[in-house]
Amino acid sequence: MESKRGHVLLYYLSGQRVLDYLHNAVDTERKMTKLLSCGPENHPNAVEKLLATQRTLAKANRVQLREIAQLLAHKFLHSEVRESVVCVHREDADIDFMNVLANELVPHGILCLVTVGSDKGAGQFLLAGPDDLVSVLGPKVSECLAGKGGGRKGRYQGKATKLSERQKAEDLLRVEVSTL
């Protein structure tokens, strides 16, 4: 039952619809029992437990990705040959990974292009570095990656539809920076 504007709406099933509904409910219960390895009375508890585990693992994954970004930045900053352009791609990362890496590298005057997503499909990109370089190179990188984006204050980020063209964007950045 549902109340709407002073009226009561009553939903009901009759005839073959009752049998179909019951068949679907029993079928769903059977599948859930098999997947959760417990009886129907324990389904809610099992699902809550799985969701809690998923949240815990997702949080641990975020923390580990942040640490990986910090370690990568440390590696680039303390390598024997310090590059002026750093390009990093990670398939399983997120925007937080890109921001942590950029925040670690940009204060040292390094131009960095970070991409995340499927190698041959779509994903996200972030170009970060000195304001003057990013404002000029951001749209060019976006064009190389067949993406859309925008930015300000030394950051240009967006969505790319062709991450397979990453090497082309990296080459463009290296050529442009070397001519400055």
Side-chain angles (χ1 to χ4, degrees), residues 32 35-37 44-178 180:
M32 292 294 288
L35 289 172
L36 297 174
S37 300
N45 293 337
V47 170
E48 286 173 3
K49 196 168 154 184
L50 286 172
L51 290 174
T53 302
Q54 184 213 9
R55 280 191 294 273
T56 303
L57 292 174
K59 186 176 180 180
N61 188 33
R62 278 192 308 273
V63 169
Q64 289 173 344
L65 279 172
R66 185 175 293 128
E67 288 176 1
I68 289 171
Q70 290 170 339
L71 288 170
L72 278 172
H74 182 77
K75 176 184 147 192
F76 289 126
L77 291 173
H78 294 90
S79 65
E80 290 181 25
V81 179
R82 194 160 185 195
E83 297 184 36
S84 56
V85 177
V86 171
C87 299
V88 175
H89 174 75
R90 190 151 183 103
E91 200 166 309
D92 59 345
D94 58 4
I95 191 76
D96 193 36
F97 173 84
M98 296 192 309
N99 284 325
V100 168
L101 190 58
N103 289 340
E104 296 284 330
L105 294 175
V106 170
H108 299 281
I110 296 174
L111 180 67
C112 68
L113 173 65
V114 186
T115 55
V116 297
S118 174
D119 277 333
K120 295 190 168 76
Q124 297 176 317
F125 70 93
L126 170 67
L127 179 66
D131 279 342
D132 54 335
L133 285 175
V134 172
S135 61
V136 172
L137 296 175
K140 292 180 181 180
V141 168
S142 182
E143 186 181 320
C144 282
L145 299 174
K148 292 182 181 180
R152 57 187 166 89
K153 296 183 182 175
R155 286 181 181 259
Y156 192 96
Q157 70 182 49
K159 293 188 177 194
T161 56
K162 286 188 175 179
L163 284 181
S164 58
E165 298 293 325
R166 236 179 24 256
Q167 189 60 47
K168 185 177 168 186
E170 290 177 20
D171 294 341
L172 169 85
L173 289 175
R174 293 186 198 289
V175 167
E176 293 285 335
V177 168
S178 68
L180 295 176

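Quick note: residue numbers are just sequence positions, from 1. Values in this document were obtained by computation on a predicted structure and should not be read as measured data.
By the 4.5 Å heavy-atom criterion applied to side chains, R90 and L72 are not counted as neighbours. By the 4.5 Å heavy-atom criterion applied to side chains, V86 and L101 are not counted as neighbours. V141 has its side chain out of reach of Y156: every pair of non-hydrogen atoms, C-beta onward, lies at least 4.5 Å apart. Considering only heavy atoms from C-beta on, I110 comes within 4.5 Å of L77 through its side chain. Contact annotation: the side chain of Q124 approaches that of M98 to within less than 4.5 Å [non-hydrogen atoms, C-beta and beyond]. At a threshold of 4.5 Å between non-hydrogen side-chain atoms, the residues V47 and L36 count as touching. Between D96 and L65 there is no side-chain heavy-atom pair separated by less than 4.5 Å.
For the salt bridge (charged side-chain N to carboxylate O under 4.0 Å, His left out) test, no residue two or more places apart in sequence or in another chain qualifies with E143. Applying the salt bridge (charged side-chain N to carboxylate O under 4.0 Å, His left out) rule to R174 yields the partners E83; only residues at least two apart in sequence or on another chain are considered.
Between A160 and L163 the shortest heavy-atom distance is CB-CD2, 3.9 Å. Closest non-hydrogen pair, L137 versus L127, comes out as C-CD2, 3.8 Å. Among all heavy-atom pairs drawn from L126 and A102, the shortest one is CD2-CB, 3.8 Å. Across every non-hydrogen atom of A128 and V106, the tightest pair is CB-CG2, 3.6 Å. Taking each heavy atom of C112 and L105 in turn, the nearest pair found is CB-CD1, 4.1 Å. Minimum interatomic distance between V134 and P139 (heavy atoms only, all atoms of both residues): O-CD, 4.2 Å.
With rounding to the nearest 0.5 Å, the separation of CG in N45 from CG in L50 is 11.0 Å. Between R155 atom CZ and D131 atom CG the span is 11.0 Å, to the nearest 0.5 Å. The CE atom of M32 sits 11.5 Å away from atom OG of S37, with the distance rounded to the nearest 0.5 Å. The OG atom of S178 lies 10.5 Å from the CG atom of L173; values are rounded to the nearest 0.5 Å.
A donor-acceptor pair under 3.5 Å links the side-chain atoms of S142 to the main chain of G147, judged by distance alone. The backbone N or O of K49 lies less than 3.5 Å from a partner atom in the side chain of T53, making a donor-acceptor pair. N61 contributes no side-chain N or O that, together with a main-chain N or O of Q64, makes up a donor-acceptor pair within less than 3.5 Å.
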Steps toward side chain to side chain contact (heavy atoms under 4.5 Å, CB included) verdict (R66, Q70):
CA-CA 6 Å; R66 185 175 293 128; Q70 290 170 339; 4.3 Å; yes

Residue pair L113, V85: steps toward the side chain to side chain contact (heavy atoms under 4.5 Å, CB included) verdict
CA-CA 8 Å; L113 173 65; V85 177; over 6 Å; no

Decide side chain to side chain contact (heavy atoms under 4.5 Å, CB included) for D119 and H89; before the verdict, give the C-alpha distance in whole Å, the side-chain angles of both, and the deciding distance to 0.1 Å.
CA-CA 9 Å; D119 277 333; H89 174 75; 2.8 Å; yes

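Legend: salt bridge (Lys or Arg N to Asp or Glu O under 4.0 Å) pairs involving residues 105-116, not counting sequence neighbours: none detected.
A side chain to side chain contact (heavy atoms under 4.5 Å, CB included) with C144 is found for one member of K168, R166, Q167 and no other, namely K168.
The number of heavy atoms from other shown groups lying within 6.0 Å of NE2 (H108) is above 12.
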